Protein chains: 2
Amino acid sequence: MTEFSLPPIQTTARDDAVLKALAGFVMREKLEPGERLPTERILAERLKVSRNTVREALTRWEGLGLVERRQGSGTYLKAAVSLDMLHMPLTLAGGNDFTGLMRTLEIRRALEAEAAALCAVRADEDDLAEIERKLDIMEEEFLNRAGMSSEEDWEFHQAIYRACGNPLFEQIIAAMHELFHRFWEHPLGVRDFGHASFPYHRTMFNCIAAHDPEGARAEALKLIATVEDDLKRGAANLKLSDRK
Amino acid sequence: MTEFSLPPIQTTARDDAVLKALAGFVMREKLEPGERLPTERILAERLKVSRNTVREALTRWEGLGLVERRQGSGTYLKAAVSLDMLHMPLTLAGGNDFTGLMRTLEIRRALEAEAAALCAVRADEDDLAEIERKLDIMEEEFLNRAGMSSEEDWEFHQAIYRACGNPLFEQIIAAMHELFHRFWEHPLGVRDFGHASFPYHRTMFNCIAAHDPEGARAEALKLIATVEDDLKRGAANLKLSDRK
DNA sequence: GTGCAGAAATTGGTTGGACCATTGAACCAC
DNA sequence: GTGGTTCAATGGTCCAACCAATTTCTGCAC
């Protein structure tokens, strides 16, 4: 075990101080997302606080999505942390019905279009290569299984958000995506959900690769429109089968 | 490797269960923001879990801004909670530098344009009257004080988000707005910040009132563009005055 | 009765220690 | 190699205290 440069905590506001110290530690050690940070017991010992206090602090970070705990394994960094980061926790009420889903889709339409346009302007060769790689994987899955693979589809979109130069896009849309998937567990009865969106992935990528922001925006809007249609179709099915 | 849809099973999820139960309790008792909820000891006893587990759960809610704890007094509801709420914690690394502000503005540009376009489609007569009322107030303040009033300006924009038929727009942009103002009371020392955006408020409203979504979108983009320019100007000033 | 200072009860914050459940690595038998 | 077994490490939960801030009650002076 290496030597950690973690000086003991001073006085009140324990768990906040713990987080500050931890953030400083992460920066000094240049820990990146995916890496494991010290165990709770070690942190408690080094910071001279009880393990419970360490746990409350880590619970806060976990709630903010900065960290992931795996029992029996350890606590892992999930996002870049720094001393000067700001938190903007949003809680959206009532997203579990059809109306709520359509609302998140409206947000996603706005952000997806903007991200695609920004990406067309800013993506460099490496970004484009990565995006096309994900696109190839997705298309292959589509042909093999004759249907959309939501996992590979999501990877493709994420690659675009990452290349657009603004991490907020990925953060916001990722939250929406999670909500969306809660519904795909119990699909709306639409078998080939997302099927119609398939061709627009390639056309959108072509616009991005050609550094054509307005074209990319237009293709992104078409893509979302097909999803909205699927959703409406599913809602109609649901309404029919709901009659008692 | 074939594709199974097997979500991991959940055996232990104590604190999540606590939060679910607590959310149900809040809904049953119709507790409103500001009201006090049961003490940690009572919750631990009633839910048959340790107080420690209750605390970890409440720590999560506190981190999300749903609840406020006051030592010696109690734990108080800070926002409406429901069983179906969605959490979207956003973390902005280096939020008080120029880059961070520009990133929030990029999000705002995407949402502002979409909201204006939606509003042009959906706003009824009452909505339009309310928006114009705020606009009149803002313009009067502008003329009287020879400068933008951020308070009245914000009221005007909020009226648009409310009329666009999707409350998510207001929630997300409000979070950005709060972040924007938390560190930059008078952004970057630019005296007449936002001055150039003034005329576009009226032109944007005219497009909305004429139910012209694309026009409204275009004016919204122009408006944000002036803010971005101000920001860049301020950053340049800051860079100059920073030399020692 | 009123007002106020101090005691007492209440409540969140912290501690230390114990044990459970899961994970992953090392090891072993086949 | 494959498939178990053991075992140590790690996060999850629990308990029983005690500390610190706040609120409430009490009783005295007036």
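Just so you know, these numbers use all the heavy atoms, side chains as well, and skip hydrogens, waters and symmetry mates. Since the structure is predicted, the reported quantities are computational estimates derived from the model, not experimental observations. We name chains A, B, ... by the order of the sequence lines, and we start the count at 1 in each one.
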Q | Neighbours of DNA chain D within residues 32-51 of chain B, by heavy-atom distance under 4.0 Å | A |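 The answer is B:Arg41, B:Val49, B:Ser50, B:Arg51.
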
Who are the side-chain hydrogen bond (donor to acceptor under 3.5 Å, both in side chains) partners of [X], not counting sequence neighbours?
{"X": "B:Glu155", "result": "B:Lys134"}
{"X": "B:Arg103", "result": "none"}
{"X": "B:Arg41", "result": "none"}
{"X": "A:Glu106", "result": "B:Arg122, B:Asn166"}

Q.
Tell me every residue that passes salt bridge (charged side-chain N to carboxylate O under 4.0 Å, His left out) with A:Glu140, counting only those two or more places apart in sequence or in another chain.
A.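 For A:Glu140 there are no salt bridge (charged side-chain N to carboxylate O under 4.0 Å, His left out) partners, ignoring immediate neighbours.
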
Find every protein N or O atom lying less than 3.5 Å from an N or O atom of nucleotides 22-25 of chain D, and list the pairs.
| from | atom 1 | to | atom 2 | distance (Å) |
| --- | --- | --- | --- | --- |
| D:dT22 | O4' | B:Gln71 | O | 3.4 |

Q: Measure the acute angle between the ring planes of A:Phe142 and A:His195, then classify it against the limits of 30° and 60° as parallel, tilted or perpendicular.
A: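 Taking A:His195 first and then A:Phe142, their aromatic rings sit tilted (interplane angle of 30° to 60°).
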
Distance-only donor-acceptor pairs under 3.5 Å for side chains of residues 24-38 of chain B, two or more places apart:
| from | atom 1 | to | atom 2 | distance (Å) |
| --- | --- | --- | --- | --- |
| B:Glu35 | OE2 | B:Glu32 | N | 2.9 |
| B:Arg36 | NH1 | B:Ser73 | O | 2.9 |

Q. With sequence neighbours left out, which residue pairs that include part of residues 156-177 of chain B fulfil the salt bridge (charged side-chain N to carboxylate O under 4.0 Å, His left out) condition?
A.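 Passing the test, one end in residues 156-177 of chain B: B:Arg162-B:Glu170.
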
Q: Could you check how far CD of A:Glu56 sits from P of C:dT15, rounded to whole Å?
A: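 Computing the A:Glu56:CD to C:dT15:P distance gives 10 Å.
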
Q) Between A:Arg55 (CZ) and D:dC14 (C1'), how many Å, whole number? A)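 My rounded result for the distance is 11 Å.
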
Q.
Taking 4.0 Å as the cut-off, does a side-chain nitrogen or oxygen of A:Arg69 come that near to OP1 or OP2 on D:dG12?
A.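 The answer is yes; a side-chain N or O of A:Arg69 sits under 4.0 Å from OP1 or OP2.
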
Q.
Between C:dG13 and A:Asn52, counting only base atoms on the nucleotide and side-chain atoms on the residue, is there a donor-acceptor pair under 3.5 Å?
A.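 Such a pair does not exist between side chain and base.
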
